[in-house]
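Predicted model only: the values in this text are computed from it and were never measured. Below, read A as the first sequence line, B as the second, and so on, with proteins coming before strands; counting in each chain starts at 1.
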Number of protein chains: 2
Amino acid sequence: MNSKIKEKPKVELILETAGEVFAEQGYNKATIRDICKRSGVNLAAINYYFGDKERLYLTVLKYYRELAIQKYPLTFGINETDTPEEKLSNFIHTFICRFLEEGKTALFGKLLAREFTESTGALDVLVEDFIRPTFIKLSSIIREIMGNKSPDKKVELCAMSIIGQCLYFRNARPVVFRLRHKEGYTDKDIKEITKHIINFSLKGLVNN
Amino acid sequence: MNSKIKEKPKVELILETAGEVFAEQGYNKATIRDICKRSGVNLAAINYYFGDKERLYLTVLKYYRELAIQKYPLTFGINETDTPEEKLSNFIHTFICRFLEEGKTALFGKLLAREFTESTGALDVLVEDFIRPTFIKLSSIIREIMGNKSPDKKVELCAMSIIGQCLYFRNARPVVFRLRHKEGYTDKDIKEITKHIINFSLKGLVNN
DNA sequence: AATTGTTTCAATCGATTGTTTAATTTATAT
DNA sequence: ATATAAATTAAACAATCGATTGAAACAATT
């Protein structure tokens with residue numbers, strides 16, 4: 001009757017809502033009831049379309065992964081003609097954007113950032129498909145900066161330092177916001193943080 | 001009858017067990033049933049002695065806080081005669097030990113580290129009583145190294161970078177262990193990590 | 001129009017959780 | 001010894017969650 005407007009397929013609707021809920025609440029705290037309510041679908045819809053909660057979550061990951069890798073190509077915004085320092089800057093900047101931007105394109109990054117501290121059964125696959133390649137990419141940049149003679153272990157530790165800084169100010173937001181007496185990050189905050197992490201890390205990588 | 005051996009008071013027994021369970025599982029995943037089972041007490045004991053789960057958790061925090069501040073004086077192992085760089089080294093070393101050591105003295109640190117990424121209702125108090133003082137202490141050391149002219153914001157960001165590195169390799173263990181194809185940290189690992197974070201951060205703080 | 005397959009729905013199941021109760025046991029004090 | 005209080009227990013309660021059911025509504029096909 002009101003069919004002039006083509007309704008969004010229910011599966012897609014659920015996936016989008018579920019992605020937001022999982023990113024907000026984490027896998028465990030997110031409830032099927034909440035997702036269904038926000039989607040305006042019946043409680044049984046998720047089990048009908050996806051089987052169970054876990055398979056919904058896996059489908060959500062696949063769904064947003066597509067959006068993510070299509071917006072952020074695997075190059076991490078890095079040109080091979082860039083200097084190593086430029087490459088690291090771009091890497092850090094891109095890495096932070098991937099879980100900080102508003103909108104759907106950053107949802108995969110948010111879900112991924114959660115897996116670091118609240119792992120689910122999907123972590124094994126996520127590590128091999130995304131996290132390890134990201135670390136390898138970062139490690140290669142670090143090696144360019146530090147020189148080929150740098151031992152693997154040292155490179156690995158430096159990669160941890162960089163990722164650790166980035167994830168801290170996302171995952172430890174409850175503490176950060178209280179310390180600052182200020183809720184949320186402004187765009188200016190994010191720019192400053194990004195710039196700081198780049199500077200701090202570039203200096204940290206200097207060989208002595 | 002068998003009263004030659006003085007039994008440990010039940011309240012204390014529950015507190016110790018509960019601390020371990022909360023540190024292992026986090027507040028939400030820890031169940032009263034599990035704590036009671038491990039303590040060998042009846043299911044109703046916790047509500048009888050502590051009222052409810054939340055007040056048990058708060059009491060656990062207070063209990064282990066005592067052990068912690070008595071083992072780790074608020075000085076963070078820092079002598080005022082140390083150089084600023086030595087102070088930072090000692091701070092990072094102490095900070096990491098506080099949530100990595102085995103045994104009961106590190107339990108408060110483990111609970112605190114959890115609050116960064118899985119906050120509970122206790123976070124507000126914990127921030128004011130422990131986390132903020134720790135940041136202030138760290139900030140004062142950073143200021144000594146970077147010079148008095150350094151803007152507050154810059155010092156704050158550097159403190160975040162240092163804490164972020166330390167917490168990463170504790171809270172992101174699921175990912176780290178998979179990346180390394182190795183479960184757990186050896187004492188050697190911990191020493192290397194600590195040494196690395198100290199070096200990386202000292203270089204990051206250098207003014208240019 | 002009848003049949004078939006798909007989707008939607010309210011209702012409910014089964015398991016887990018924090019919490020409470022009411023009865024019993026143990027300890028303490030008079 | 002007896003009375004009172006404290007501690008302990010098994011059982012159940014209430015709320016929440018993921019999952020399932022079976023009937024109804026809808027769409028598509030024959």
Distance in angstrom units between B:N47 CG and D:dA7 C1', rounded: 14 Å
For atom CZ of A:R33 and atom C1' of C:dT16, their distance in whole Å: 13 Å
Nucleotide D:dC17, atom P - distance to CD of A:Q25 in whole Å: 11 Å
Gap between atoms CD1 and C1', on A:I35 and D:dG18 respectively (whole Å): 11 Å
Extract all donor-acceptor atom pairs below 3.5 Å that involve side chains of residues 20-27 of chain B and protein atoms in other chains or at least two apart in sequence.
from: B:E24; atom 1: OE1; to: B:R38; atom 2: NH2; distance (Å): 3.0
from: B:E24; atom 1: OE2; to: B:R38; atom 2: NH1; distance (Å): 3.3
from: B:Y27; atom 1: OH; to: B:E54; atom 2: N; distance (Å): 3.3

side-chain contact (heavy atoms from CB on, under 4.5 Å) between B:R170 and B:I96, worked out: CA-CA 9 Å; B:R170 157 128 207 112; B:I96 289 174; over 6 Å; no
Sugar-phosphate, base or nothing in reach of A:D52, heavy atoms under 4.0 Å: sugar-phosphate
Atom-pair distance (CG on B:L13; P on D:dT8), nearest Å: 11 Å
CG on A:L15 to CG on A:L107, rounded to 0.5 Å: 11.5 Å
Side chains of A:S201 and A:Q165, donor plus acceptor under 3.5 Å: yes
Nucleic acid footprint by protein, nucleotides 6-11 of chain C - heavy-atom cut-off 4.0 Å, B for base, S for sugar-phosphate alone: SBBBB-
Separation of atom CD1 in B:I14 from atom C1' in D:dA7, rounded to whole Å: 11 Å
Check: A:E115/A:T120 side-chain N/O donor and acceptor closer than 3.5 Å: yes
Stepwise salt bridge (charged side-chain N to carboxylate O under 4.0 Å, His left out) test for B:E101 and B:K71: CA-CA 12 Å; B:E101 278 179 2; B:K71 159 133 190 184; 3.4 Å; yes
Length of the line joining B:I32:CD1 and C:dG18:P, which is rounded to integer Å: 5 Å
Spacing of A:E54 atom CD relative to D:dC17 atom C1', expressed in whole Å: 16 Å
